[in-house]
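First the structure, in the form of structure tokens, and then the observations on it.
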Amino acid sequence: MRIVMCIKPVKKELVYKENEHLENLVINPYDLYALQNIIEMKKEGTEIICISMGPEGAKEALRRCIALGVDDVIHLSDKHFAGADTIATSYVLKKAIEKIGDVDLICCGQKTVDGETGQVVYALSEQLGMPCIAQVETIMDLSVENASIERENGECIEKLKVRLPAVISYRNCTTIYKKINLLRLKRAKNKEIVVWNRNDLEIDRSMCGLKGSKTIVQDVNKINPMVKKEQTVLDGDIENTAMIIKNIILGKDNGVCTYGK
């Protein structure tokens, strides 16, 4: 059985405090939750491959995947992949999955903490022509033909048996790594990371990156940073204090020097 896990590296500051990780890019928390559930369900004869499209720094996130217990990782890297929207991204992932071949299950996190579109999994399912099961809580059992899945559907918890191949997305997230230590990380650093570019995947330049994206950014407006206001100490009697608060609410003189009004 062959499982492909799609992960996205995201900026460290979106997930952890600055001193918690040495890498600049870390595994997206939704993808990390999905990956660890898949690894827990791994049986003899099961192969787990992680693929990730991103910059050079994505390799460190992929090494973490190796340390967690995946069998192989593939870095999808090409300057022509830059600027991709969900359509162009899902197309590159689809081509990579087809190149891997004989894939029984594709897993993704529900969304990423940087983009939060939550659209890639559905676009990937459509492009692969496979059913998509979203809002997954956990995989309870895996066989060559079926996956037993528990997922949330509104206020209900459903238990489904899904015929494979299929695409699933997990609704939960985590920032906590399970069963990972320095020895595993050291071994992972010696693991060769396979890199596939546009030519390896036989992708036309017009189908990837900015050229292959259907989303058009019309304009970008810079939002002014939040201005920190000075504190006002209210030390008058109740009547005057109430008047100051009233003037603050009404926007009069910012509530300052309103005694006696």
Side-chain angles (χ1 to χ4, degrees), residues 1-12 21-28 30-32 34-39 41-84 86 88-109 112 120-121 123-125 127-128 130 164-165 167-168 177 179-180 182-205 207-209 212:
M1 183 177 191
R2 181 171 290 166
I3 301 172
V4 168
M5 177 70 217
C6 303
I7 71 160
K8 182 181 181 183
V10 296
K11 291 183 178 179
K12 173 179 61 178
H21 285 268
L22 296 177
E23 310 93 61
N24 292 319
L25 297 175
V26 297
I27 302 173
N28 172 54
Y30 289 89
D31 299 338
L32 179 60
L35 175 61
Q36 294 187 148
N37 180 234
I38 287 297
I39 291 173
M41 295 306 303
K42 185 177 180 181
K43 299 178 180 179
E44 185 177 352
T46 299
E47 180 184 16
I48 301 176
I49 302 171
C50 277
I51 62 175
S52 180
M53 188 178 85
E56 185 68 19
K59 288 183 178 179
E60 291 306 314
L62 287 171
R63 293 193 188 282
R64 288 247 169 194
C65 296
I66 296 169
L68 282 166
V70 306
D71 298 289
D72 285 296
V73 294
I74 301 171
H75 183 203
L76 310 178
S77 178
D78 193 299
K79 65 180 181 180
H80 298 298
F81 294 164
T86 54
T89 298
S90 61
Y91 178 71
V92 174
L93 294 175
K94 172 222 175 189
K95 295 292 285 186
I97 290 167
E98 288 178 342
K99 183 175 174 65
I100 292 169
D102 298 322
V103 176
D104 301 292
L105 183 64
I106 296 100
C107 301
C108 310
T112 60
V120 170
V121 63
L124 182 58
S125 167
Q127 296 208 43
L128 288 168
M130 296 181 185
L164 303 179
V167 180
I168 69 169
Y177 288 88
K179 299 178 182 178
I180 189 169
L182 292 176
L183 180 59
R184 288 191 177 195
L185 283 173
K186 186 176 180 180
R187 289 174 179 170
K189 288 187 179 296
N190 296 323
K191 176 79 172 181
E192 181 182 358
I193 295 180
V194 176
V195 180
W196 287 348
N197 59 28
R198 178 173 60 89
N199 294 328
D200 295 319
L201 299 177
E202 299 181 353
I203 293 177
D204 188 287
R205 184 177 173 182
M207 298 291 290
C208 61

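A quick note: this is a predicted structure, and the numbers were derived from the prediction, not measured. Excluded from the calculations below are hydrogen atoms, water molecules and symmetry mates; all remaining heavy atoms, backbone and side chain alike, are included.
Taking CD1 of I193 as the reference point, atom CD1 of I74 lies at 11.0 Å (rounded to 0.5 Å). Here the CG atom belonging to L201 is positioned 9.5 Å from the CG atom belonging to L93, to the nearest 0.5 angstrom. Between M53 atom CE and C208 atom SG the span is 8.5 Å, to the nearest 0.5 Å. How far CD1 of I106 is from CD1 of I97: 4.5 Å, rounded to the nearest 0.5 Å. A distance of 7.5 Å separates SG of C65 from CD1 of I39, quoted to the nearest 0.5 Å. Rounding to the nearest 0.5 angstrom, the gap separating the CD atom in E202 from the CD atom in E98 is 10.5 Å.
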Test side-chain contact (heavy atoms from CB on, under 4.5 Å) on I3 and V103 and set out the steps. CA-CA 6 Å; I3 301 172; V103 176; over 6 Å; no
Worked check of side-chain contact (heavy atoms from CB on, under 4.5 Å) between K189 and E60: CA-CA 9 Å; K189 288 187 179 296; E60 291 306 314; 3.6 Å; yes
For T112 and V120, run side-chain contact (heavy atoms from CB on, under 4.5 Å): C-alpha distance rounded to whole Å, both residues' side-chain angles, the deciding distance at 0.1 Å, then the answer. CA-CA 10 Å; T112 60; V120 170; over 6 Å; no
side-chain contact (heavy atoms from CB on, under 4.5 Å) assessment of V73 paired with I7: CA-CA 10 Å; V73 294; I7 71 160; over 6 Å; no
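Atom NZ of K43 has more than 12 heavy atoms from other residues, nucleotides or ligands within 6.0 Å. More than 12 heavy atoms of other residues, nucleotides or ligands sit less than 6.0 Å from atom NZ of K99.
When atom types are taken as modelled, the side chain of D31 and the backbone of K8 share a donor-acceptor pair closer than 3.5 angstrom. The main-chain N or O of K191 is found under 3.5 Å from a side-chain atom of R63 such that the two form a donor-acceptor pair. A donor-acceptor pair under 3.5 Å is absent between the side-chain atoms of H75 and the main chain of S52, judged by distance alone. Proximity of a side-chain donor or acceptor of D200 to a complementary backbone N or O of N197 within less than 3.5 Å is detected. Judged purely by atom type and a 3.5 angstrom limit, D71 uses its side chain to pair as donor or acceptor with the backbone of I48. Not a single donor-acceptor pair under 3.5 Å links the side chain of T46 to the backbone N or O of K42.
Closest approach of Q127 and K94 over heavy atoms only: O-CE, 3.6 Å. The minimum heavy-atom distance between P55 and L25, with the atom names listed, is CG-CD1, 3.8 Å. Nearest heavy-atom pair across V121 and I168 is CG2-O, 4.2 Å. A pairwise comparison of heavy atoms in A34 and C108 identifies CB-O, 4.0 Å as the closest pair. Contact detail for R2 and D102: the closest heavy-atom pair is CB-O, 3.5 Å. The two atoms that bring W196 and F81 nearest to each other are O-CE1, 4.3 Å, heavy atoms only.
A salt bridge (Lys or Arg N to Asp or Glu O under 4.0 Å) check over residues 74-84, counting only residues at least two apart or in different chains, returns nothing.
By the 4.5 Å heavy-atom criterion applied to side chains, I51 and V4 are counted as neighbours.
Of the residues listed (I38, L32, L185), the one engaging L68 in a side-chain contact (heavy atoms from CB on, under 4.5 Å) is L32, and it is the only one.
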